[in-house]
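As structure tokens, the structure follows; a few thoughts come after it.
Note that these values count all heavy atoms, side chains included, but never hydrogens, waters or copies made by symmetry.
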Amino acid sequence: MCGIAGWVSFERDLRREQATLDAMTDTMAARGPDERGTWADEHAALGHRRLAIIDLPGGRQPMTAETPRGKVVMVYSGEAYNFVELREELRARGHHFTTKSDTEVVLRGYLEWGEAVADRLNGMYAFAIWDAAERKLVLIRDRMGVKPLYYYPTADGALFGSEPKAILANPLAKHVVGADGLRELFAFVKTPGDAFWQGMREVKAGSVVTVTPNGICEHVYWRLRTQEHTDDQATTVARVRELLDDIVRRQLISDVPRCTLLSGGLDSSAMTAIAARHLGESGEVVRSFSVDFEGRTDGFVADKIRPDADTPFAHEVARWVRSDHQDIVVDAAHHADPAIRGHVLRARDMPAGNGDIDTSLYLLFREIRRHSTVAISGESADEVFGGYLWFSDPVVQQADTFPWLVHWAEYFGDDTQVLTPAARKALDLDGYLRDNYAGAVAGIERLDGESEFEWRQRKISHLHLTRWVRVLLDRKDRTSMATGLEVRVPFCDHRLVEYVYNAPWSLKTFDGKEKSLLRAATADLLPQSVLQRKKAPYPSTQDPSYAAALRVEARDLLANPSHRVFDLLSYSWLKNCVSEQAPLATLASRAALERALDLALWWDMYSPEVAL
């Protein structure tokens with residue numbers, strides 16, 4: 001994996017800006033704990049922090065290629081899973097390699113094909129190339145946006161980084177959050193290209209951004225297209241299995257220890273079972289990890305969206321596939337610790353609003369990192385295969401808004417109530433969501449002859465794959481990379497996404513349940529209890545001591561009524577919220593309080609200017 005940062009300026013000598021380049025690079029230390037490197041020339045400066053995964057001695061960066069036209073220098077984050085085939089193709093075209101790393105393959109690919117190298121890559125990646133002869137910076141991001149990449153236009157060039165913090169370390173970047181950033185924060189929608197910080201942009205998934213003396217240009221090299229699906233049910237199931245086998249085999253390639261994340265649900269269990277088969281061919285046992293909370297399994301209380309506890313199912317799968325399994329048990333003291341939440345907020349660079357889920361993810365990843373450097377996740381299967389329960393909800397199917405928001409407040413609480421009335425009015429979230437939704441569905445292609453129902457389901461799928469999945473991938477990347485753990489997401493392979501997206505809804509639910517194709521494709525690998533288990537989201541704590549700790553922290557904040565966060569945060573609401581009569585036992589009831597405390601903590605860390 002890794003973290004990248006850099007600066008291109010066509011009107012100043014960046015060789016004199018080493019201290020600033022160092023500061024930008026060092027913000028990426030958690031993403032790349034193994035090595036550090038910088039490179040600077042007159043108009044370009046690149047920084048890299050490395051998490052060594054493949055070719056440990058040979059993958060150092062920035063990586064430079066000397067050409068007759070001048071230097072080409074690259075900093076790279078991610079993995080190209082087809083680098084072995086590409087290396088052989090490039091060798092046949094006359095290229096010589098001095099390392100075994102995928103980084104050199106991508107660099108040599110650029111020398112051969114230019115920006116079109118992106119079309120040939122299979123993987124998760126975000127990289128920057130300085131082409132001295134062309135006086136051009138090239139920023140490229142993977143098709144599904146698994147790896148993050150931001151840039152900040154300046155008067156004579158641009159800043160860039162894997163995370164906003166790298167850019168914010170440069171004095172040219174202003175620490176300002178505008179209305180649109182706050183709207184995205186509270187609307188739970190990730191608009192392609194938008195960033196939380198004002199003036200900053202995110203390289204869109206499947207896009208190339210170039211920076212030259214003439215300005216900044218962007219072009220899309222991949223997007224989700226509508227195509228006719230002609231395969232029958234048996235062929236479709238077989239193709240899904242074929243793809244999954246190939247994807248997992250590729251994503252197991254690593255020169256460091258790897259493992260799987262196992263919740264006991266269909267998605268993670270399928271990944272673990274396929275990985276176990278591949279590794280078993282060479283006599284290796286797959287390692288698997290699950291998260292649990294102290295006392296949660298024995299004292300589990302079912303709710304509307306979580307009908308059962310994960311741990312018994314995870315243990316059954318572990319026994320079934322014979323994995324070397326370990327539960328990571330999160331205790332309440334760490335879970336509620338403001339210092340731990342501070343690590344999460346620093347990782348996200350914004351008060352992301354996922355409360356105890358974000359914190360437990362961070363604690364899970366931190367513990368896994370003691371044993372493994374790479375983890376394979378079942379993330380994004382619900383978006384690809386239509387696994388969320390609301391996909392089959394008639395109310396959601398007819399709603400002209402983002403489908404995950406229809407029942408959001410009912411399940412997860414309404415955290416907009418933390419805002420002052422003036423802030424709520426300025427943000428106008430209802431109007432923002434209407435406009436954003438209209439823009440999101442405008443570019444979706446309808447298949448000729450597609451029924452109204454299938455068209456509705458296609459739009460719901462497309463929105464999940466281009467909007468909602470980016471929220472989840474961003475959370476996964478930031479919380480894992482903050483601990484130096486690389487999490488791979490096989491379900492985001494673009495070949496699988498394209499194929500399943502175009503399968504009609506009747507095929508995706510042919511057995512009358514959600515994720516029929518995934519269930520059928522892995523039926524020989526898993527116990528019936530898991531194959532028939534109802535969808536359950538990532539677990540949330542039910543420990544009353546967690547809610548009690550939140551109340552204590554909120555009262556400490558109330559003791560400081562002059563805190564600047566109260567320009568946004570309603571003091572009177574917070575005061576009412578922390579009364580002993582206010583219910584905080586469930587995820588929905590405490591979501592707003594978690595949001596309020598995150599806002600205050602983030603404000604203390606970043607001292608932002610808010611422009612509404």
Can [X] and [Y] be counted as having a side-chain donor-acceptor contact under 3.5 angstrom?
X      : Y      : answer
Ser77  : Ser162 : no
Tyr76  : Asp102 : yes
Asn170 : Thr20  : no
Ser360 : Tyr538 : yes
Gln61  : His48  : yes

Regarding [X] and [Y], does a basic nitrogen lie under 4.0 Å from an acidic carboxylate oxygen?
X      : Y      : result
Glu42  : Arg12  : no
Arg60  : Glu35  : yes
Asp194 : Arg201 : yes
Lys136 : Glu115 : yes
Arg50  : Asp34  : no

Closer than 3.5 angstrom, by distance alone: can the side chain of [X] be matched with the main-chain N or O of [Y] as a donor-acceptor pair?
X      : Y      : answer
Asn82  : Arg120 : yes
Ser207 : Val203 : no
Arg348 : Ala352 : no
Arg369 : Gly484 : yes
His462 : Ile444 : no

Step by step, would you call Tyr110 with Asp131 a side-chain hydrogen bond (donor to acceptor under 3.5 Å, both in side chains)? CA-CA 10 Å; Tyr110 175 81; Asp131 191 328; 2.8 Å; yes
Side-chain touch [X]/[Y], heavy atoms, less than 4.5 angstrom:
X      : Y      : answer
Val487 : Leu485 : yes
Leu252 : Leu279 : yes
Tyr150 : Leu159 : no
Met144 : Val497 : yes
Glu89  : Glu112 : no
Phe83  : Ile54  : yes
Thr359 : His334 : no
Glu163 : Arg31  : yes

With ring centroids as reference points, do Tyr606 and Trp197 lie under 6.0 angstrom apart? yes
Between Phe160 and Tyr151 (judged by ring centroids, cut-off 6.0 Å), do the two rings come close enough to count as a pair? no
Using every non-hydrogen atom in the two residues, find where [X] and [Y] come nearest and quote the distance to one decimal.
X      : Y      : value
Ile274 : Leu244 : CD1-CB, 3.9 Å
Gly157 : Ile216 : O-CD1, 4.2 Å
Ser380 : Cys492 : OG-SG, 3.3 Å
Leu601 : Pro338 : CD2-O, 3.6 Å
Ser377 : Pro490 : O-CD, 3.3 Å
Tyr125 : Arg143 : OH-NH1, 3.4 Å

Using 30° and 60° as the class boundaries, would you call the ring planes of His464 and Trp404 parallel, tilted or perpendicular? perpendicular
Taking the inter-plane angle between the rings of Trp222 and His494 on a 0 to 90° scale, is it parallel (under 30°), tilted (30 to 60°) or perpendicular (over 60°)? perpendicular
Working to the nearest 0.5 Å, report the span between [atom1] of [X] and [atom2] of [Y].
X      : Y      : atom1 : atom2 : value
His96  : Leu90  : NE2   : CG    : 11.5 Å
Asn122 : Asp142 : CG    : CG    : 10.0 Å
Leu345 : Arg341 : CG    : CZ    : 7.0 Å
Thr103 : Leu107 : OG1   : CG    : 9.0 Å
Thr99  : Arg87  : OG1   : CZ    : 7.5 Å
Met271 : Glu379 : CE    : CD    : 12.5 Å

The salt bridge (Lys or Arg N to Asp or Glu O under 4.0 Å) partner of Asp474 among Lys476, Arg470, Arg478 is Arg478
One pair to check against side-chain hydrogen bond (donor to acceptor under 3.5 Å, both in side chains): Ser480 and Glu486. What are the steps and the verdict? CA-CA 7 Å; Ser480 62; Glu486 174 179 299; over 6 Å; no
Would Arg223 and Glu445 count as a salt bridge (Lys or Arg N to Asp or Glu O under 4.0 Å) if you check the C-alpha gap in whole Å, the side-chain angles of each, and the deciding distance to 0.1 Å? CA-CA 11 Å; Arg223 66 185 181 92; Glu445 301 162 323; 3.3 Å; yes
Set of residues satisfying salt bridge (Lys or Arg N to Asp or Glu O under 4.0 Å) with respect to Asp246, sequence neighbours excluded: Arg249, Arg250, Arg495
Please indicate whether Arg15 has more than 12 foreign heavy atoms, meaning atoms of other residues, nucleotides or ligands, lying under 6.0 Å from its CZ. yes
Give the intermediate values and the outcome of side-chain contact (heavy atoms from CB on, under 4.5 Å) for residues Trp113 and Arg93. CA-CA 11 Å; Trp113 300 299; Arg93 291 172 175 264; 3.9 Å; yes
Excluding sequence neighbours, so at least two apart, what forms side-chain contact (heavy atoms from CB on, under 4.5 Å) with Ser254? Ile53, Val256, Arg258, Val374, Arg488
Evaluation steps, side-chain contact (heavy atoms from CB on, under 4.5 Å), between Glu594 and Asp356: CA-CA 8 Å; Glu594 289 172 321; Asp356 77 296; 3.7 Å; yes
Decide side-chain contact (heavy atoms from CB on, under 4.5 Å) for Leu361 and Arg475; before the verdict, give the C-alpha distance in whole Å, the side-chain angles of both, and the deciding distance to 0.1 Å. CA-CA 9 Å; Leu361 264 178; Arg475 179 182 70 182; 3.7 Å; yes
So Leu111 and Thr67, side-chain contact (heavy atoms from CB on, under 4.5 Å) or not? Walk me through it. CA-CA 9 Å; Leu111 298 181; Thr67 76; 3.8 Å; yes
Please tabulate, one pair per line, all N/O donor-acceptor pairs under 3.5 Å involving side-chain atoms of residues 173-188, not counting sequence neighbours.
residue : atom : partner : partner atom : Å
His175  : NE2  : Leu168  : O            : 3.1
Asp180  : OD1  : Arg183  : NH1          : 2.8
Arg183  : NE   : Leu427  : O            : 2.7
Arg183  : NH2  : Ala426  : O            : 3.2
Glu184  : OE1  : Thr191  : N            : 3.0
Glu184  : OE2  : Thr191  : N            : 3.4
Glu184  : OE2  : Thr191  : OG1          : 2.3
Glu184  : OE2  : Tyr432  : OH           : 2.5

